[in-house]
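The next block holds one structure in the form of structure tokens; read it before the comments.
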Amino acid sequence: MRYKILVNGGSSALLRDFFVNSTGFTCMSTSGYWTDLSAHYEMFKPDAYVCIAEYADVQLMSQIKRLKTHEEYGSVPVVVITNEDCFEMYSAENENEKLIDLILSRPITISAICDKINRLFRNIEEEKERIAREQERLAKEQEEADRRATEELEKKSLAEKKHILIVDDDKNVLKLLKSALEDRYDVTAIISGRMALKFLDSKTPDLIFLDYQMPVETGPEVFRRIKKLDSAKDIPVVFLTGIADREKITEVLSLKPQGYLLKPIDMERVNETIRTLLG
């Protein structure tokens, strides 16, 4: 890669030598006037700005500060090459604000200047890579922290959600109720009374919707067995039934459930029942 160097050196012999003998660089000369300097920055887009300072120049430091604080030019490294008498002055001026990236003292060969500028570029690239690695590490740490925080929130949300058990041999009813309630509640859908009783051996939901008419073990049979379980006897049970005649309703109510809902399912009634029983 050929680096582009913008050089300000007046009419010094070092400037001429730099253009003739520097290798690996594409060079352009500029003047110390801001209009020229800014125009060349815009046009040439240099990788570095080299200023050959023949004498101690306070205005040069002001100009460099203007460059380094510029929104577009600020990232371009600045190299000052000066004579031995002025080296300490520029070094002292640079001590506080660190505006100059590299200060070289003459006499110095063009080859040595090129080597030091190339080393400056390598250091800058290594620092960029280090910063990129550090940013990547921090991003991964933040991503992991966000993931853990999300998991904790989900666990907390799940712990705070009321748990509703739905027992029905009709898969369409299970699907309807689960999809309608799972955003607000922790919902478990089970297709048989036997499986529901096994589930209740280790879990304690806050509310049970129980189909009244199921094969093998009917709703009333499952209900009676639930009420004999110490861990489940106090769980409110709401029957789901598709039979609306008075005799059947009387039969349902004789078991003293906390409620019953007629099929087809009316979600407004479901939600109202949940609010009443769970708050």
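Every heavy atom of this structure was used, including side-chain atoms; hydrogens, water molecules and symmetry mates were not.
Taking 4.5 Å as the limit, some side-chain heavy atom of Thr188 sits within range of a side-chain heavy atom of Leu165. Looking at heavy atoms from C-beta onward, Asp186 lies out of side-chain contact with Pro205 at the 4.5 angstrom threshold. The closest side-chain heavy-atom distance from Ile110 to Leu14 is below 4.5 Å. Residues Leu255 and Phe239 meet the side-chain proximity criterion, which asks for heavy atoms closer than 4.5 Å. In this structure the side chain of Ile5 never reaches within 4.5 angstrom of the side chain of Ser22, judged on heavy atoms. Between Ile274 and Leu181 the shortest side-chain heavy-atom distance falls below 4.5 Å. With a 4.5 Å cut-off on side-chain heavy atoms, Ile208 and Ile226 count as touching. Side chains of Leu262 and Arg269 form no contact here, defined as non-hydrogen atoms less than 4.5 Å apart.
Shown here is Glu151, whose CD atom has more than 12 heavy atoms of other residues, nucleotides or ligands within 6.0 Å. The neighbour count for Gln59 CD, taken as heavy atoms of other residues, nucleotides or ligands under 6.0 Å away, does not exceed 12. Counting heavy atoms of neighbouring residues, nucleotides and ligands inside a 6.0 Å radius, atom CD of Glu182 exceeds 12 of them. Within a 6.0 Å sphere centred on CD of Glu141, heavy atoms belonging to other residues, nucleotides or ligands number more than 12. More than 12 heavy atoms of other shown residues, nucleotides or ligands fall within 6.0 angstrom of atom NZ in Lys227. Within 6.0 Å of CD in Glu144 there are more than 12 heavy atoms belonging to other residues, nucleotides or ligands.
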Between Leu261 and Asp266, is a side chain to side chain contact (heavy atoms under 4.5 Å, CB included) present by the stated rule, with each step listed?
-> CA-CA 8 Å; Leu261 294 172; Asp266 181 342; over 6 Å; no
Evaluation steps, salt bridge (Lys or Arg N to Asp or Glu O under 4.0 Å), between Arg130 and Glu127 | CA-CA 5 Å; Arg130 186 195 67 78; Glu127 180 64 10; 2.7 Å; yes
Candidate pair Asp168 and Phe209, rule side chain to side chain contact (heavy atoms under 4.5 Å, CB included), full reasoning | CA-CA 8 Å; Asp168 200 306; Phe209 284 111; over 6 Å; no
Stepwise side-chain hydrogen bond (donor to acceptor under 3.5 Å, both in side chains) test for Asp146 and Gln142 = CA-CA 6 Å; Asp146 290 343; Gln142 186 61 50; 2.8 Å; yes
Passes side chain to side chain contact (heavy atoms under 4.5 Å, CB included), Val187 versus Ile166? Steps please.
-> CA-CA 7 Å; Val187 180; Ile166 306 166; 3.6 Å; yes
May I have the step-by-step check of salt bridge (Lys or Arg N to Asp or Glu O under 4.0 Å) for Glu272 and Arg275, ending in yes or no?
-> CA-CA 5 Å; Glu272 182 181 342; Arg275 284 193 296 271; 5.5 Å; no
Criterion ring-ring contact (aromatic ring centres under 6.0 Å, His included) on Tyr212 and Tyr260, from CA distance to verdict = CA-CA 9 Å; Tyr212 192 81; Tyr260 72 93; 9.5 Å; no
Going through the distances and angles, do Lys178 and Lys175 end up as a side chain to side chain contact (heavy atoms under 4.5 Å, CB included)?
-> CA-CA 5 Å; Lys178 184 172 176 62; Lys175 184 176 180 181; over 6 Å; no
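Considering CG of Asp85 and OG of Ser105, their distance stands at 8.5 Å, rounded to 0.5 Å. Rounding to the nearest 0.5 angstrom, the gap separating the CZ atom in Arg224 from the CD atom in Glu217 is 12.0 Å. Expressed to the nearest 0.5 Å, how far CG of Leu200 lies from NZ of Lys198 amounts to 11.5 Å. Taking NZ of Lys65 as the reference point, atom CD of Glu97 lies at 4.0 Å (rounded to 0.5 Å). Separating the SG atom in Cys86 from the CD atom in Glu93 is a distance of 11.5 Å, to the nearest 0.5 Å. Atom CG of Asp211 sits about 11.5 Å away from atom OG of Ser192, to the nearest 0.5 Å.
Nearest heavy-atom pair across Asp183 and Lys161 is O-NZ, 3.5 Å. Listed here is the closest heavy atom pair of Leu207 and Pro236: CD1-O, 3.4 Å. For the pair Thr204 and Ser231, the tightest heavy-atom approach, listed with the atom from each and the gap, is CG2-O, 3.5 Å. Val222 and Met214 get closest at one heavy-atom pair: CG2-CE, 4.2 Å. Here the closest non-hydrogen pair linking Ala53 and Thr82 is O-OG1, 3.1 Å. Between Asn271 and Arg184 the shortest heavy-atom distance is OD1-NH2, 3.2 Å.
Not one N or O on the side chain of Lys263 forms a donor-acceptor pair closer than 3.5 Å with the backbone of Thr241. No donor-acceptor distance shorter than 3.5 angstrom exists from the side chain of Lys256 to the backbone of Leu253, with no hydrogens or angles considered.
A side-chain hydrogen bond (donor to acceptor under 3.5 Å, both in side chains) with His40 is found for one member of Thr30, Asn8, Thr35 and no other, namely Thr30.
Clustering of Ile, Leu, Val, Met, Phe, Trp and Tyr side chains at separations under 4.5 Å places Leu60 together with Leu6, Met28, Trp34, Leu37, Tyr41, Met43, Phe44, Tyr49, Met61, Ile64, Leu67, Tyr73, Val76, Val78, Val80, Phe87, Met89, Tyr90, Leu99, Ile100, Ile103.
In the hydrophobic clustering of ILVMFWY residues, with side-chain heavy atoms under 4.5 Å counting as a link, Leu15 and Tyr33 come out apart.
The residues Arg106 and Glu54 are annotated as salt-bridged, a charged nitrogen and a carboxylate oxygen being separated by less than 4.0 angstrom. By the 4.0 Å N-to-carboxylate-O rule, Lys140 lies too far from Glu143 to be salt-bridged with it.
Not counting sequence neighbours, the partners of Asp101 by the salt bridge (Lys or Arg N to Asp or Glu O under 4.0 Å) test are Lys68.
Using cut-offs of 30° and 60° on the angle between ring planes, the pair Phe25 and Phe121 is perpendicular.
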